[in-house]
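Step one of this worksheet: look at the structure below.
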Amino acid sequence: MPNVVLIAEPVVDIASAARALADAIGLQVVSAGNVFRDHVQQQTPLGKEANRYVQAGHFVPNELMVRAIAEVLTHVDGSWVMYNFPRNIRQAELLTQSSHAPNAVIELSLTEDQGRLAAQRRVEHRIELDSKQAARRQQLLLLYSRSQETYQEQIDPLRAYYRTHGLWQTVNGFGDFEDVAGRLIQMVSDNPRGRT
């Protein structure tokens with residue numbers, strides 16, 4: 001069973017994809033965001049330390065983030081799928097040093113046109129849920145556009161890092177959830193050790 005990292009742009013429903021993959025092949029889902037929220041809410045020593053950085057307007061240090069994630073991965077019974085972490089090379093290096101390196105890193109990728117269409121669909125969905133958001137349509141589209149640009153700038157070095165280690169793979173992240181999940185499950189099932 002592989003230990004899998006999933007990476008995707010903000011317009012991709014990566015959490016649902018991770019859960020579908022986990023259910024299909026028997027992995028435990030690990031969400032870095034949830035790990036930190038739990039620490040902060042439970043006011044653990046690590047959570048208090050992380051919160052001090054956040055309250056001061058600083059990023060949580062990579063070392064602290066990886067320490068929290070590694071602690072969770074240590075207690076996983078079997079293999080895991082983690083999404084949207086690591087986000088930079090330093091985090092990837094620290095994860096490897098903690099003996100929790102993934103053996104597959106899969107990007108749910110989009111072309112530029114697919115990214116624009118996915119952002120439009122995401123905005124229209126928000127408007128369906130809250131009609132007051134209609135007045136903010138252009139602003140929301142701009143926010144998604146900027147977040148996609150930021151994603152590419154952030155992920156390019158990580159993509160190169162994992163390619164060098166032979167771990168980076170891509171699967172088309174565009175379309176209905178069932179289609180995306182199906183492609184992802186097929187890829188991992190065809191490569192049970194997470195290698196191309």
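Since the model is a prediction, treat every value here as computed from it, not as a measurement.
- Under the 4.5 Å side-chain heavy-atom criterion for Ile, Leu, Val, Met, Phe, Trp and Tyr, V29 and F177 are members of distinct hydrophobic clusters.
- When all heavy atoms of P2 and L27 are compared, the closest pair comes out as O-CD2, 3.6 Å.
- Between the CG atom in D23 and the CZ atom in R19 there is a gap of 9.0 Å [rounded to 0.5 Å].
- Both F85 and Y53 are members of a single hydrophobic cluster when ILVMFWY side chains are connected at heavy-atom separations under 4.5 Å.
- One finds the CG atom of L94 at 11.0 Å from the CG atom of L64 (value rounded to the nearest 0.5 Å).
- Note on V66 and V54: same hydrophobic cluster, where clusters join Ile, Leu, Val, Met, Phe, Trp and Tyr whose side-chain heavy atoms are under 4.5 Å apart, directly or indirectly.
- Around the CZ atom of R163, the shell of radius 6.0 Å holds more than 12 heavy atoms that belong to other residues, nucleotides or ligands.
- Proximity of a side-chain donor or acceptor of D176 to a complementary backbone N or O of E178 within less than 3.5 Å is not detected.
- Nearest approach of A24 to I185, heavy atoms of both residues: CB-CD1, 3.6 Å.
- Applying side-chain contact (heavy atoms from CB on, under 4.5 Å) to V5 and the options L158, V105, V30 leaves one that passes, V105.
- Taking the six-membered ring where the residue is Trp, Y162 and H165 present perpendicular rings, their angle passing 60° and hence far from 30°.
- Although no hydrogens or angles enter the test, the distance criterion places a donor-acceptor pair under 3.5 Å between the side chain of N88 and the main chain of Q91.
- For the pair W80 and A101, the tightest heavy-atom approach, listed with the atom from each and the gap, is CZ2-O, 4.3 Å.
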I'd like to know whether L6 forms a side chain to side chain contact (heavy atoms under 4.5 Å, CB included) with L184, so could you lay out the CA-CA distance, the side-chain angles of the two residues, the decisive distance to 0.1 Å, and finally the verdict. CA-CA 10 Å; L6 299 182; L184 177 61; 3.8 Å; yes
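- Here the side chain of S145 pairs no donor or acceptor atom with the backbone of L141 at under 3.5 angstrom.
- No side-chain donor-acceptor contact under 3.5 Å links E9 to the backbone of G115.
- A distance of 7.0 Å separates CZ of F36 from NE2 of H39, quoted to the nearest 0.5 Å.
- Under a 3.5 Å cut-off, the side chain of R159 and the backbone N or O of W168 do not form any donor-acceptor pair.
- Scanning all heavy atoms of the two residues, the minimum distance from Y83 to A18 falls at CD2-CB, 3.6 Å.
- Taking CG of D38 as the reference point, atom CG of L46 lies at 11.5 Å (rounded to 0.5 Å).
- In the model, Q133 has a side-chain atom that pairs as donor or acceptor with a side-chain atom of R136 under 3.5 Å.
- Among residues at least two apart or in separate chains, salt bridge (charged side-chain N to carboxylate O under 4.0 Å, His left out) pairs with a member in residues 58-70 are E49-R67, E63-R90.
- I7 CD1 to L108 CG: the interatomic distance, rounded to the nearest 0.5 Å, is 9.0 Å.
- The CG atom of L140 sits 12.5 Å away from atom CD of Q120, with the distance rounded to the nearest 0.5 Å.
- A donor-acceptor pair under 3.5 Å links the side-chain atoms of N103 to the main chain of N3, judged by distance alone.
- V188 has its side chain out of reach of V81: every pair of non-hydrogen atoms, C-beta onward, lies at least 4.5 Å apart.
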Please lay out, stage by stage, how N172 and Q114 fare under the test side chain to side chain contact (heavy atoms under 4.5 Å, CB included). CA-CA 10 Å; N172 190 333; Q114 289 173 342; 3.6 Å; yes
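- Exactly one residue among V4, L73, L95 makes a side-chain contact (heavy atoms from CB on, under 4.5 Å) with P102. That residue is L95.
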For a side chain to side chain contact (heavy atoms under 4.5 Å, CB included) check, start with the C-alpha distance between F174 and D179, then their side-chain angles and the critical distance, and finish with the verdict. CA-CA 8 Å; F174 184 73; D179 294 334; over 6 Å; no
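- Listed by first and then second residue, the salt bridge (charged side-chain N to carboxylate O under 4.0 Å, His left out) pairs that reach into residues 110-122 are E112-R116, D113-R116, sequence neighbours excluded.
- Distance alone, capped at 3.5 Å, places no donor-acceptor pair between the S189 side chain and the Q186 backbone.
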Side chain to side chain contact (heavy atoms under 4.5 Å, CB included) assessment of V76 paired with M82: CA-CA 11 Å; V76 170; M82 179 165 55; over 6 Å; no
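- Criterion: ILVMFWY side-chain heavy atoms under 4.5 Å apart, direct or through other members. Under it, V40 and V35 are not part of a common hydrophobic cluster.
- Under the rule for a side chain to side chain donor-acceptor pair (under 3.5 Å), the partners of T74 that lie at least two apart in sequence or sit in another chain are H100.
- Taking all atoms of both residues into account, the shortest heavy-atom contact from I155 to E107 is CG2-OE2, 4.5 Å.
- Note on L110: it does not cluster hydrophobically with L142, by side-chain heavy-atom contacts below 4.5 Å among ILVMFWY residues.
- Of all heavy-atom pairs between V11 and Y144, the closest is CG1-CD2, 3.7 Å.
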